[in-house]
Amino acid sequence: MGLWVIVEEHVDRLRGIERFEGTREEARSRLYETACAHRFAERLQQRRREVFRVDDDTYYVEVKGSLGKYRLRYYLAERVWSTESP
């Protein structure tokens, strides 16, 4: 079991949106669900969403809203080092 973070990239902003423990398979499943359903903006009125897999740990997402098109990337990151004691 590892510690995972799902990272959202939009324009020049990176943001960790979820931290959790699990297996690699569980983390990849959660990443896919996030790419398909995550609301990156509170007031966004989504009209269409397209999700593209870049690789097993990255999804590219295009969301068409009432005011324009938004492009995002969702990454899966595994913690590999920390100063925190286990």
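- Glu78 pairs by the salt bridge (charged side-chain N to carboxylate O under 4.0 Å, His left out) definition with Arg24, not counting sequence neighbours.
- Here Tyr70 pairs with nothing under the side chain to side chain donor-acceptor pair (under 3.5 Å) rule; sequence neighbours left out.
- Applying the salt bridge (charged side-chain N to carboxylate O under 4.0 Å, His left out) criterion to Glu26, with sequence neighbours excluded, gives no partner residue.
- Every side chain to side chain contact (heavy atoms under 4.5 Å, CB included) that Val51 has, sequence neighbours left out, goes to Ala35, Cys36, Arg49, Tyr59, Val61.
- Not a single side chain to side chain contact (heavy atoms under 4.5 Å, CB included) links Arg39 to another residue, sequence neighbours left out.
- Residues that satisfy the side chain to side chain donor-acceptor pair (under 3.5 Å) test with Glu21, not counting sequence neighbours, are absent from this structure.
- Partners of Arg43 according to the side chain to side chain contact (heavy atoms under 4.5 Å, CB included) rule, which considers only residues two or more places apart in sequence or in another chain, do not exist here.
- Remark: Glu33 engages no residue in a salt bridge (charged side-chain N to carboxylate O under 4.0 Å, His left out) (not counting sequence neighbours).
- Residue Val54 shares its hydrophobic cluster (ILVMFWY side chains chained together at separations under 4.5 Å) with Phe52, Tyr60.
- Arg48 meets the salt bridge (charged side-chain N to carboxylate O under 4.0 Å, His left out) test with Glu50; sequence neighbours excluded.
- Remark: Arg19 pairs with no residue by the side chain to side chain donor-acceptor pair (under 3.5 Å) rule, at least two apart or across chains.
- Applying the side chain to side chain contact (heavy atoms under 4.5 Å, CB included) criterion to Asp12, with sequence neighbours excluded, gives no partner residue.
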